Number of protein chains: 2
Amino acid sequence: MTRPTSRDVAHAAGVSQATVSLVLGDKWRGRVSERTAGLVREAAAGLGYRPNLAARSLRLGSTRTALLVVPALTNEYFARVHTGAARVAAEHGFGVVLYLSPDGTGPAKDPFASASAALDGVIASSMAADALEAIGGSELPLVMLDSDPAAGGAAAFVNLDLAGGVREAVAHLRGLGHRRIRHLAADVPSWTFRIRADTLAAELGGPAPDTVRSALNVPAATAAMERALATDLAAPAAGRPTAVLCDDDILAVGACKAARRLGLRVPEDLSVTGFDDVALATAVEPELTTVSLPAERVGEQGMRALLTVLEGGTWRAPDLPVALTVRGSTAPPPTGP
Amino acid sequence: MTRPTSRDVAHAAGVSQATVSLVLGDKWRGRVSERTAGLVREAAAGLGYRPNLAARSLRLGSTRTALLVVPALTNEYFARVHTGAARVAAEHGFGVVLYLSPDGTGPAKDPFASASAALDGVIASSMAADALEAIGGSELPLVMLDSDPAAGGAAAFVNLDLAGGVREAVAHLRGLGHRRIRHLAADVPSWTFRIRADTLAAELGGPAPDTVRSALNVPAATAAMERALATDLAAPAAGRPTAVLCDDDILAVGACKAARRLGLRVPEDLSVTGFDDVALATAVEPELTTVSLPAERVGEQGMRALLTVLEGGTWRAPDLPVALTVRGSTAPPPTGP
DNA sequence: CTGTTAGCGCTTTCAT
DNA sequence: ATGAAAGCGCTAACAG
């Protein structure tokens, strides 16, 4: 009752192992007769033959497996990136194994200590940069997601037009009449967030004066924003920020909660915009005006880029477009008293 | 500049390959001298040696890899199950590879078509039952999560005390004064939801009269509940359901949105309870009263169970306890007009 | 204590 | 058109 090997198939079909390999590897055109090929396939199916991947990898020297390095899957954005990457991988007979960077209690200190760590390449998010240090020495092809292209160090980059998203959000708020915009920034030292801050500063014509930082979870964002709002309310109303641009939907949700706790209505008293457009954005009320990011496409492109690099090619592509989705959390600022 | 093999290490250390294997495999006590062992480790470190997992798997016949079958990681519950499973796996030198069942566009039709599919065992959620059919023929050890233990077919089961959770929720609502409780059920043919319905029916002393079914996403739940509520409001107030027990936090969020759209306040006019206690539950307002499920523990236990089975052991454990977390979405029913 | 040897299941020349 | 044989890197008997 042990698993059938290619030798068993060969024996059953009355041919040699080599022939089995050719037929099943789809490399037999003109080298094996139609009839023999049929016999082999029948025998394989009959025995329920499955090639032993370990043996194949050993022989071929490649595992057809990519490592995806992200901070955590509980962040829906990354769950979607994974989905996209896994889909494209599967289409090409590749597998994806995850390495969750040590933000939480990541699975392993060293991605290569993990048993599945026989890898052909790595796809990594900028939010998992620290984890990459562990990989550092490795000579594997690397594709960076949402990272500073100028930084180099990777074989390919997949980026979103985040600057465009920020500009769209700012234009939307300005169009509504907002003059002073606060920035609720993610307190994460990652390029994907720095570019938001830099773009906002450029838009506002100077370093953003009203920046608040918060960890990437709702309670932290609520607390941070509550403090900021309390300060604002204590000061004269004139010139007070009337809108908050948030680095992430999670932060935006926190901002909304904070506003409501202090008796402010969203969007009548305070406008809020988010980033990502995950399910959360439409789960809350009011639904969030937010910059929609094509998370799955990021994963897909990342995998395509890696595949291309592995084939010796070069990967170049424009930034993925993003778009502001206007919903209920933004409105004109309150009119004077 | 090719990757060093154990032979290279042996050569560098001036010993044989076998000795290297013993030392690095930590099986050298009393068989190799301290000094030689040190030499080997030094040489390995110096060369940056990494064992070739494919070769090891081939030799050992086991891959130290488990397949985790879940519907989708974008559901935070399953992302957390994965986190738990991956942690325990890593502690034991195992890897976890994911198979997302075809609810969405799963990565592959056949989990074993995937390249990473050199597996020692499978851990599967009951919500991914269809995917298991594809695996059907396989002789791999199987651990089922949240599935009917009476159904058999698996080497081990990891279950939650969902019935206890339902009973707690009902008791809570009854204690507040609710007499008629509606059930917003997940329209998913999976044991984890059937047990909720069955327990509720038992509690109510008969088949739940006010059941509404919905797909597991916020918009669907909102729509389904909106319809139900509209009917209720058209009927006389007396005897109208005053509380909704939802199979999942996602559904509960939908129920809250529906209520608000029809001008009902939560919890003053309608009480709502959820299931899972994911981040969403505290992101919305009011925060959800919900049955908290230890998702990561489910993943951990699942992996432990599989490890035990792989070692030839038998796994038995009581259902994991759950607990109702009371927050703002439940209150006494409205008093008569 | 350490080295030699065989072989896991597969792919791929090279003969025939 | 097919078969024989070598070898990928590792581990586990068995010798010495």
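Predicted model, so just to flag it, every value in this text is computed and none were measured. Chain letters run A, B, ... following the sequence lines, proteins first and then strands; every chain starts at 1. Because only heavy atoms are used, hydrogens play no part in the values below, and waters and symmetry mates are left out as well, while side chains stay in.
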Can you give me every donor-acceptor pair (side chain of residues 15-23 of chain B, partner residue at least two apart or in another chain, under 3.5 Å) with its distance?
from: B/Ser16; atom 1: OG; to: B/Ala18; atom 2: N; distance (Å): 3.3
from: B/Ser16; atom 1: OG; to: B/Thr19; atom 2: N; distance (Å): 3.4
from: B/Ser16; atom 1: OG; to: B/Thr19; atom 2: OG1; distance (Å): 3.2
from: B/Gln17; atom 1: NE2; to: B/Ser6; atom 2: OG; distance (Å): 3.0

Donor-acceptor contacts, no H, no angles, side chain residues 67-79 of chain B, under 3.5 Å, sequence neighbours left out:
from: B/Asn75; atom 1: OD1; to: B/Tyr77; atom 2: N; distance (Å): 3.0
from: B/Glu76; atom 1: OE1; to: B/Ala279; atom 2: N; distance (Å): 3.0
from: B/Glu76; atom 1: OE2; to: B/Ala279; atom 2: N; distance (Å): 3.4
from: B/Tyr77; atom 1: OH; to: B/Asp146; atom 2: OD2; distance (Å): 3.2

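When all heavy atoms of A/Tyr49 and A/Thr5 are compared, the pair lying nearest together is CE1-C, 3.5 Å.
Side-chain N/O atoms of A/Thr19 include none lying less than 4.0 angstrom from OP1 or OP2 on D/dA1. For the OP1/OP2 pair of C/dT2 and a distance below 4.0 Å, the side-chain nitrogens and oxygens of B/Ser33 include at least one atom meeting the criterion. Of the side-chain N and O atoms in A/Ser57, none sit less than 4.0 angstrom from OP1 or OP2 of C/dC10.
A/Arg29 is linked by a salt bridge (Lys or Arg N to Asp or Glu O under 4.0 Å) to A/Asp26, counting only residues two or more places apart in sequence or in another chain. The side chain to side chain contact (heavy atoms under 4.5 Å, CB included) check on B/His92 picks up B/Val88, B/Phe94, B/Leu307, with sequence neighbours excluded. Here A/Ala155 pairs with A/Val309 under the side chain to side chain contact (heavy atoms under 4.5 Å, CB included) rule; sequence neighbours left out.
Between the CH2 atom of A/Trp28 and the P atom of D/dT2 there is a distance of 10 Å, rounded to whole Å. Nucleotide C/dT12 holds its P atom 13 Å from the CG atom of A/Leu24, rounded to whole Å.
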Walk along nucleotides 7-13 of chain D from 5' to 3' and tag each nucleotide B, S or - by protein heavy-atom contact under 4.0 Å, base first, then sugar-phosphate. BBBBBB-
